[in-house]
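Worth saying up front: this structure is predicted, and the values here are computed from it rather than measured. Hydrogens, waters and symmetry mates are skipped; everything else that's a heavy atom, side chains included, is used. Throughout, residue positions are numbered sequentially from 1 according to the sequence presented.
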Amino acid sequence: MSYSTTGKAIESLAIEIGNNIYIDIANWHLFLKEAKLHVSLSERLYPLLKDDTFDDKTVQKVLNQLSVKLGGGKREVPLADLIPSACVNDLMGILEEFQRDM
């Protein structure tokens, strides 16, 4: 699929990530769309896909750099610490497929 603008591509990636990737807190699954984290994550990942510079390590680095505020901002935790390994694998699959379709 070809995207007419970068904004539309990021929006499409955000929807895919938001609907399929979740954080796990006390066995509760909160999808990134519901946590309002999908757009900011997509904005950080999309340039890596466009430049063909993404791999497991770079995605993990992005997940570590994106902080999630907990307890009304009392504490911040890297997104990488909240996403289960299976979801990180799913995220890699989404990114690989998205890049193929670009």
Side-chain angles (χ1 to χ4, degrees):
M1 175 181 294
S2 179
Y3 300 99
S4 59
T5 66
T6 299
K8 287 185 182 197
I10 291 172
E11 182 180 328
S12 180
L13 180 59
I15 290 168
E16 191 68 25
I17 289 172
N19 288 334
N20 293 290
I21 307 302
Y22 60 84
I23 58 177
D24 185 323
I25 301 176
N27 292 322
W28 284 75
H29 295 173
L30 180 62
F31 284 87
L32 295 189
K33 176 177 73 174
E34 297 162 344
K36 306 216 183 325
L37 296 168
H38 61 304
V39 174
S40 59
L41 181 58
S42 297
E43 289 172 342
R44 292 172 186 227
L45 292 172
Y46 179 75
L48 302 176
L49 299 177
K50 191 173 180 183
D51 296 336
D52 198 26
T53 58
F54 91 98
D55 58 16
D56 293 346
K57 289 181 183 179
T58 56
V59 171
Q60 193 65 38
K61 184 177 178 181
V62 169
L63 293 175
N64 276 309
Q65 291 173 342
L66 188 59
S67 294
V68 178
K69 292 181 181 182
L70 302 176
K74 291 181 191 175
R75 182 168 298 189
E76 289 188 24
V77 177
L79 183 57
D81 291 348
L82 301 173
I83 296 180
S85 296
C87 278
V88 173
N89 292 336
D90 292 346
L91 176 60
M92 290 302 297
I94 289 168
L95 295 174
E96 289 166 0
E97 183 177 336
F98 193 86
Q99 188 182 46
R100 273 193 306 273
D101 292 344
M102 286 176 64

* Look at the side chain of Ser42 and the backbone N and O of His38, then say whether any donor-acceptor pair between them is shorter than 3.5 Å. => yes

* Asked: Is any side-chain heavy atom of Leu13 less than 4.5 Å from a side-chain heavy atom of Leu95?
  -> yes

* Minimum heavy-atom distance Leu49-Gln99, with the two atoms named -> O-NE2, 2.9 Å

* **Spacing of Leu91 atom CG and Leu41 atom CG [to the nearest 0.5 Å]** => 6.0 Å

* Can any side-chain N or O of Asn64 pair as donor or acceptor with the backbone N or O of Gln60 at less than 3.5 Å? -> yes

* To do: Working to the nearest 0.5 Å, report the span between CD1 of Ile94 and CG of Asn89.
  => 11.0 Å

* Inter-residue atom distance Leu66.CG - Glu43.CD, 0.5 Å rounding -> 10.0 Å

* Asked: Would you call the rings of His29 and Tyr22 parallel, tilted or perpendicular, where under 30° means parallel and over 60° means perpendicular?
  -> parallel

* Answer whether the closest heavy-atom distance between the side chains of Leu32 and Leu79 falls below 4.5 Å. => yes

* **Val39 reachable from Leu45 in the ILVMFWY side-chain graph, under 4.5 Å edges** => no

* **Separation between CG of Leu48 and CG of Asp55, rounded to the nearest 0.5 Å** => 9.0 Å

* To do: Consider only side-chain heavy atoms of I, L, V, M, F, W and Y, link residues closer than 4.5 Å, and tell whether Val88 and Val77 are in one cluster.
  => yes

* Point-to-point distance, once rounded to the nearest 0.5 Å, from CD1 of Ile10 to OG of Ser40 -> 11.5 Å

* Asn20 side chain to Glu16 side chain, donor-acceptor N/O pair below 3.5 angstrom -> yes

* Kindly say whether Lys69 contributes a backbone atom to a donor-acceptor pair with the side chain of Glu76 at under 3.5 angstrom? => no

* Asked: Minimum heavy-atom separation for Met92 to Val59, with atom names?
  -> SD-CG2, 3.5 Å

* Structure fact -> CD1 of Ile17 to SG of Cys87, rounded to nearest 0.5 Å, is 11.5 Å

* Hphob cluster co-occupancy, Ile21 + Val68, side-chain heavy atoms under 4.5 angstrom -> yes

* With hydrophobic residues grouped by side-chain heavy-atom distances under 4.5 Å, do Phe31 and Phe98 end up in a single group? -> no

